[in-house]
Amino acid sequence: MELYVYNTLTRKKELFKAINPPNVGLYVCGPTVYGDAHLGHARPGITFDIVFRFLNFLGYKVRYVRNITDVGHLENDADEGEDKIEKKARLEQLEPMEIAQFYTKRYLDAMDALNVRRPSIQPVASGHIIEQIEIVKKILDAGYAYISNGSVYFDIIKYQNDTHKYGILSNRVLEDMLATTRELDGQSEKHNSADFALWKKASPEHIMRWPSPWSDGFPGWHLECTAMSAKYLGEKFDIHGGGLDLLFPHHESEIAQSMCAFGHEPANYWMHNNMITIGGQKMGKSLGNFITLEEFFTGSHNLLERAYSPMTIRFFILQAHYRSTLDFSNEALGAAEKGLKRLLEAQRNIKKIIPSKENSVNIEEIKNKCIEAMCDDFNTPIVISYLFEAATIINKLIEGSEKIDEQGLKELNELFADWFVEVLGITDEQNSNMMPTIEGLVKMIIELRKEARENKDWKKSDELRDQLASLGVKIKDGKEGVSWSLE
RNA sequence: GGUCUCUUGGCCGAGCGGUUAGGCACCGGUCUGCAAAACCGUCUACUCCAGUUCGAAUCUGGAAGAGACCUCCA
């Protein structure tokens with residue numbers, strides 16, 4: 001089965017061909033660690049986790065690099081040119097690195113909770129200043145940058161005249177950009193308003209600074225991804241990912257930097273996840289309309305009716321295709337939660353199925369459809385719809401209205417192991433090491449209740465059921481006996 | 001203003017010219033001491049207008065609305 005990937009560069013689904021199979025290099029722009037991760041951060045985390053998982057599933061050996069930005073972004077509001085991390089540090093009277101490490105840990109904890117696999121390498125920008133300086137030198141040597149008052153700027157006009165590539169990714173026309181670019185800090189140092197900083201001279205009060213041939217300062221925002229992707233994946237690698245909001249200017253500028261430093265584009269495929277919206281608007285820091293992942297997990301936000309588990313969040317995100325916007329609401333999350341619960345129960349119920357000699361279901365076909373859906377640009381909602389189909393089949397098998405043989409049952413187990421657990425990365429949050437104990441206790445109580453019911457002691461029977469319910473254990477009296485589940 | 005994207009049933013969301021995707025909610029039924037769960041069934045939508053086609057949610061043109069980027073952003 002061949003994998004098709006939507007390439008932002010061509011705006012088409014393209015057959016995926018690795019540069020050096022079975023190896024694949026995957027680079028994704030990670031977070032800037034000066035605040036808690038919000039729901040929006042979960043989107044690229046999960047989207048590229050799926051890419052990572054599925055490529056592995058297909059047999060590729062993936063080196064996945066996701067950076068941590070702990071330096072370098074300029075802020076252009078009231079605190080002119082002040083490094084974002086530093087600004088927050090001053091407010092909280094902490095060292096910039098303390099802030100960065102604090103939020104890095106919080107970010108990773110949130111990703112772990114969402115069962116996002118850790119990338120192969122998570123480089124930090126501040127640890128790659130030398131590499132960034134080397135790239136600035138290369139671009140200067142190539143003649144596509146100039147020094148101005150201790151800062152180094154990328155010369156967009158020259159680049160455009162020579163390569164005609166500025167706008168290749170974002171479809172922008174340079175002339176339009178020149179007309180619309182705002183007045184920014186350091187603008188007077190630039191030859192042209194659209195030029196971007198490769199190296200920025202630090203003001204005297206700027207703490208995060210490093211020596212360079214041009215000034216004590218810090219690298220420009222776009223540079224770190226070029227430096228770190230080249231270092232760990234090579235100057236040309238397979239897939240570059242990130243949020244759609246990074247398309248311009250960040251990714252466009254990365255291409256420009258690579259073109260000038262290495263003579264070619266950095267990546268063959270560019271993938272962009274779409275935004276999560278809230279009331280139809282992008283959730284983000286600028287608008288102040290974000291809800292942190294921590295707040296989702298605990299329910300402590302006035303827009304949240306209650307807490308939502310990490311797996312609910314993960315499932316909610318996977319129910320939409322990564323290139324579509326996804327609108328947050330309590331209703332939508334609640335629906336995701338219930339749907340997920342249904343699949344988890346179906347998964348747990350597989351072990352109750354007794355194989356028969358006959359077989360009336362076709363699991364192999366469902367498995368094939370899952371591969372087909374994922375190979376079509378990672379269509380997770382379609383995979384989920386097939387898992388629901390399988391859940392219905394599982395319920396019918398237990399009820400006896402369908403039959404499955406040994407081979408079919410093996411495939412059913414594989415279906416959930418491969419697609420639900422391995423590729424979609426759904427974990428059963430109830431699978432704790434206390435489960436065997438809980439299981440035993442609940443069975444004991446169910447036995448007691450059974451006695452009460454045989455004696456038609458409905459009061460006692462209902463009492464036991466209610467007490468269990470108050471502890472989150474739900475009793476279900478079915479035709480085939482009593483079953484239970486944790487809420 | 002420029003570039004790009006989107007508009008699907010009560011809600012969330014697939015869909016890439018011809019099979020009612022799927023989930024959640026609602027309603028009816030089976031089951032049950034009651035309840036829940038499960039199962040079966042019901043609800044057959046594509047912003048509007050025109051065109052192409054035997055056939056359009058899907059292609060083309062136009063209108064309206066919404067959003068993203070153009071400044072840090074996942």
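Just so you know, these numbers come straight off a predicted model, no measurement behind them. Any value given below was found using the heavy atoms of this structure, including those in side chains, with hydrogens, waters and symmetry copies removed. Reminder, nothing fancy here: chain letters follow the sequence lines and each chain counts from 1.
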task: Report yes if at least one side-chain N or O of A:Asn349 is closer than 4.0 Å to OP1 or OP2 of B:A38; otherwise report no.
output: no
field: salt bridge (Lys or Arg N to Asp or Glu O under 4.0 Å) involving A:Lys12 - partner list, sequence neighbours excluded
entry: none
message: Under the ring-ring contact (aromatic ring centres under 6.0 Å, His included) test against A:Phe154, which residue among A:Trp199, A:Tyr159, A:Tyr166 passes?
response: A:Tyr159
task: In whole angstrom, give the distance that lies between atom CD of A:Glu399 and atom C1' of B:C31.
output: 9 Å
- prompt: Pick one: which of A:Leu9, A:Asn7, A:Thr8 meets side chain to side chain contact (heavy atoms under 4.5 Å, CB included) with A:Arg11?
  reply: A:Thr8
Under 3.5 Å, which donor-acceptor pairs link side chains of residues 363-370 of chain A to any protein atom two or more places apart or in another chain?
unit_1: A:Glu365; atom_1: OE1; unit_2: A:Asn362; atom_2: ND2; d: 3.4
unit_1: A:Lys367; atom_1: NZ; unit_2: A:Glu414; atom_2: OE1; d: 2.5
unit_1: A:Asn368; atom_1: ND2; unit_2: A:Glu364; atom_2: O; d: 3.4

task: Nearest-nucleotide wise, let me know which of A:Phe328 and A:Ile475 is further upstream toward the 5' end of RNA chain B.
output: A:Phe328
- prompt: Should the ring pair A:Phe16 and A:Tyr269 be called parallel, tilted or perpendicular, given that the plane angle runs from 0 to 90° and is split at 30 and 60?
  reply: tilted
query: Counting just side-chain N and O atoms, does A:Lys474 come under 4.0 Å of either OP1 or OP2 of B:A35?
result: no
Give each protein N/O atom lying under 3.5 Å from an N/O atom of nucleotides 18-25 of chain B, with the pair distance.
unit_1: B:G23; atom_1: OP1; unit_2: A:Arg342; atom_2: NH1; d: 3.4
unit_1: B:A25; atom_1: OP1; unit_2: A:Lys338; atom_2: NZ; d: 2.8

query: What pairs meet the salt bridge (charged side-chain N to carboxylate O under 4.0 Å, His left out) rule with one or both residues in residues 324-335 of chain A, with sequence neighbours excluded?
result: none
Nucleotide-level pairing of RNA chain B, given in dot-bracket where Watson-Crick and G-U pairs need both distances under 3.5 Å and | marks other strands: ((((((((.[[[..)..(...]]]..((((.......)))).....[[[[[..)....]]]]])))))))....
message: My understanding is that only residues two or more places apart in sequence, or in another chain, count here; which of them pass side-chain hydrogen bond (donor to acceptor under 3.5 Å, both in side chains) with A:Asn273?
response: none
query: For A:Tyr107 and B:A74, what is the distance between atoms OH and C1' respectively, to the nearest whole Å?
result: 8 Å
message: Please list all pairs meeting salt bridge (charged side-chain N to carboxylate O under 4.0 Å, His left out) that have one or both residues in residues 26-53 of chain A, counting only residues at least two apart or in different chains.
response: A:Asp36-A:Arg106, A:Asp49-A:Arg53, A:Asp49-A:Arg314
query: Heavy atoms under 4.0 Å, any strand shown: does A:Gly280 hit a base, just sugar-phosphate, or nothing?
result: sugar-phosphate
message: Using a heavy-atom cut-off of 4.0 Å across all strands, would you classify A:His38 as base, sugar-phosphate, or nothing?
response: base
- prompt: In whole angstroms, how far is the P atom of B:A68 from the CG atom of A:Asn273?
  reply: 15 Å
field: Residues forming a salt bridge (Lys or Arg N to Asp or Glu O under 4.0 Å) with A:Lys13, sequence neighbours excluded
entry: A:Asp376
field: Interatomic distance where CD belongs to A:Glu372 and C1' belongs to B:G15 [whole Å]
entry: 14 Å
- prompt: Tell me: NE2 of A:His321 to C1' of B:G15, nearest whole Å?
  reply: 11 Å
message: What's the gap between B:G23 and B:G15 when it is taken at their C1' atoms, as a whole Å value?
response: 16 Å
task: Check every strand shown and say whether A:Asp327 touches a base, only sugar-phosphate, or nothing at a heavy-atom separation below 4.0 Å.
output: sugar-phosphate
- line: Taken in chain and number order and not counting sequence neighbours, the residues that satisfy salt bridge (Lys or Arg N to Asp or Glu O under 4.0 Å) with A:Glu337 are A:Arg306
Between the protein and nucleotides 3-5 of chain B, which nitrogen or oxygen pairs are less than 3.5 angstrom apart?
unit_1: B:U3; atom_1: O2'; unit_2: A:Ser170; atom_2: O; d: 3.4
unit_1: B:U3; atom_1: O2'; unit_2: A:Asn171; atom_2: O; d: 3.2

query: Is A:Ile276 touching bases, backbone alone, or none of the nucleic acid, heavy atoms closer than 4.0 Å?
result: base
message: With salt bridge (charged side-chain N to carboxylate O under 4.0 Å, His left out) as the rule and sequence neighbours excluded, what pairs involving residues 382-393 of chain A come up?
response: none
query: Is there a side-chain polar atom (N or O) of A:Ser483 under 4.0 Å from OP1 or OP2 of B:A37?
result: no
Throw together a table of side-chain donor-acceptor distances under 3.5 angstrom for residues 279-287 of chain A, partners on residues two or more places apart or in other chains.
unit_1: A:Lys282; atom_1: NZ; unit_2: A:Asp245; atom_2: OD2; d: 3.3

- line: Note: for A:Leu246 and A:Ser324 on RNA chain B, the residue whose nearest nucleotide lies more 5' is A:Ser324
